[in-house]
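So the structure is just underneath, and the comments pick up after that.
Predicted model, so just to flag it, every value in this text is computed and none were measured. Lettering follows sequence order; numbering is per chain, from 1.
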Protein chains: 2
Amino acid sequence: MASDTTLPSFKPLYQQVRERLVGRLIDGTWPPGMALPSEQQLAHELGVSQGTVRKALDAMSSEHLLVRAQGRGTFVADVEDTRILFRYLRLVGDDGRRLVPESKVTSVRQHKATEPARTRLELPRGSNVWTIERTRQMDDRVSIVETILVSAKRFPGLDRFSPLPNHIYSLYGSRYGIIIGRVIEQLKAIGASAKDAALLGCEPGAPLLHIERTALGLDGVPAEWRISRCLTDNFHYLSDL
Amino acid sequence: MASDTTLPSFKPLYQQVRERLVGRLIDGTWPPGMALPSEQQLAHELGVSQGTVRKALDAMSSEHLLVRAQGRGTFVADVEDTRILFRYLRLVGDDGRRLVPESKVTSVRQHKATEPARTRLELPRGSNVWTIERTRQMDDRVSIVETILVSAKRFPGLDRFSPLPNHIYSLYGSRYGIIIGRVIEQLKAIGASAKDAALLGCEPGAPLLHIERTALGLDGVPAEWRISRCLTDNFHYLSDL
DNA sequence: TAGTGGTCTAGACCACGAC
DNA sequence: TCGTGGTCTAGACCACTAT
């Protein structure tokens, strides 16, 4: 046998349908915001019952890949959509307001990937990456310093898009066809470095919320590595379990 | 009209079934770990089709209230269950190991609830609360200081259970019939107080991860308010979105 | 009014676990 | 071998949206 781990010898039809439909999201057949054919049409086209198509669509809906609305139809999830926007935006004001931090890019440069960057982005030795540095402010107060790394090969000519949009995932989708489907974040408390302290207007060593994010594409491959340092005086990170 | 918010004029049958079944979890008819009747039996008993029961059970399963296993049956989720244990335990070692911190209770006392405690626990003016203080250690190193508040009325005689178990939610369930169904956490970075610094063996002002948790019972009422201060030198908080 | 997704039903068959 | 949950189908009807 090629493998000693027992693989499921059986794959449900609705999962196969799901994979075919996800494929159409990956290859751009159905771009973000577009309406899908009706359940009936899909069922006929794929040669399965409507119930099976429904189960695949429901699964993708619960993964936030699709948005379904009774009476209107089924649509490809769009990062610009307010229902999707706050999925990856966990910062909330202490008074309960959802905050959308405005960004100011301070540098975009290409260089050889360091070893941790290669590991996180699963890149081969010698790969190049883009490093984007930016600050983000909420209520006219700089409170986040952010470093974003992506593969230079997967994002050619990234420096041409200037200024980079606030919601950078919409750029990944519209310009590079890379749609973020999952995000893993690791949180710590750290002391501010001298450099970050200067940008944030706080004392060096001041406590910052350190968020290290790995964003995966629909194919499960890491597309972005991001480190944010946040001065959480007036807001917090919300986790709903 | 009594209310100006338009309520859904229609409640699906499977949701009504779900509510009846959740009721049996709340009233203790089906305690944690117990096997439920089969889908067929429930369908017959409730006078609906098996498909409708299935949809209710699937919903409760995705809320982590039930655990289903093909060929075995459907079981009430148990905090002791390893599949459930890590649901509310988001701390992971930097090397990827899931860590279960051991607890040492330093004080259990009853007193009048402060205003923020009353707000968080939705208690009337003049209510009493229990305050539990404890430290938690991972790899023989004290790294968490925790303050837990619960209503004295809902948890009578809590001080009789000594020592309090490490997984305090199993005590809530087995002794008071209060099952935690949802947890909301707010994270910040703060500087260590002199008292916490002494307990954690760090400098005052050292950066700590501040986790404020509100735990809700199956009925949606807040049952516990908890504040943890964590020295995140060797571990982090994991958030999978 | 037409078309969409959402609910509900009934029944057949399959995969899995326990005995 | 039996009973469980899981899959798949087919069809009827309901709630909602757009026009």
Side chain of [X] only, heavy atoms from C-beta on: which candidate in [options] is closest?
X: Asp58(A); options: dT7(C), dA10(D), dG6(C); answer: dG6(C)
X: Ser38(B); options: dC8(C), dG5(C), dT4(D); answer: dT4(D)
X: Ser49(B); options: dG5(D), dA10(C), dT9(D); answer: dA10(C)
X: Thr74(A); options: dG5(C), dC8(C), dG5(D); answer: dG5(C)

Rounded to whole Å, please give me the gap between [atom1] in [X] and [atom2] in [N].
X: Leu36(A); N: dG3(C); atom1: CG; atom2: P; result: 19 Å
X: Gln40(B); N: dG11(C); atom1: CD; atom2: P; result: 10 Å
X: Glu39(B); N: dG3(D); atom1: CD; atom2: P; result: 16 Å
X: Leu13(B); N: dC13(D); atom1: CG; atom2: P; result: 17 Å
X: Arg18(A); N: dC8(D); atom1: CZ; atom2: C1'; result: 19 Å
X: Leu57(A); N: dG5(C); atom1: CG; atom2: C1'; result: 10 Å
X: Gln50(A); N: dC8(C); atom1: CD; atom2: P; result: 16 Å
X: Leu42(B); N: dG3(D); atom1: CG; atom2: P; result: 17 Å

Given [N], is OP1 or OP2 found less than 4.0 Å from the side-chain N or O atoms of [X]?
X: Tyr14(A); N: dC8(D); value: no
X: Arg68(B); N: dT4(D); value: no
X: Lys55(B); N: dC8(C); value: no
X: Arg72(A); N: dG5(C); value: no

Residue among Lys55(B), His44(B), Glu39(B) satisfying side-chain hydrogen bond (donor to acceptor under 3.5 Å, both in side chains) with Gln50(B): Glu39(B)

Carboxylate-amine/guanidinium proximity below 4.0 Å for Arg182(A) and Glu63(A): no

Between the side chains of Arg136(B) and Asn166(B), does any donor sit under 3.5 Å from an acceptor?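 Arg136(B) vs Asn166(B): donor-acceptor pair found between side chains.
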
What about the rings of Tyr172(B) and Phe155(B), do their centers lie closer together than 6.0 Å? yes

Mapping Gln70(A) and Thr52(A) to their closest nucleotides on DNA chain D, which lands nearer the 5' end? Thr52(A)

Taking the nucleotide of DNA chain D with the closest heavy atom to each, which residue, Gly71(A) or Gln16(A), is nearer the 5' end?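 First, find each residue's nearest nucleotide; the 5'-ward one identifies Gln16(A).
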
What about Arg54(B): does its side chain form a donor-acceptor pair under 3.5 Å with the base of dG6(D)? yes

Treating Arg98(A) as the side-chain partner and Arg90(A) as the backbone partner, does any N or O pair qualify as donor plus acceptor under 3.5 Å?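 Not at all, since once roles are kept as given, no pair shorter than 3.5 Å links the two residues.
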
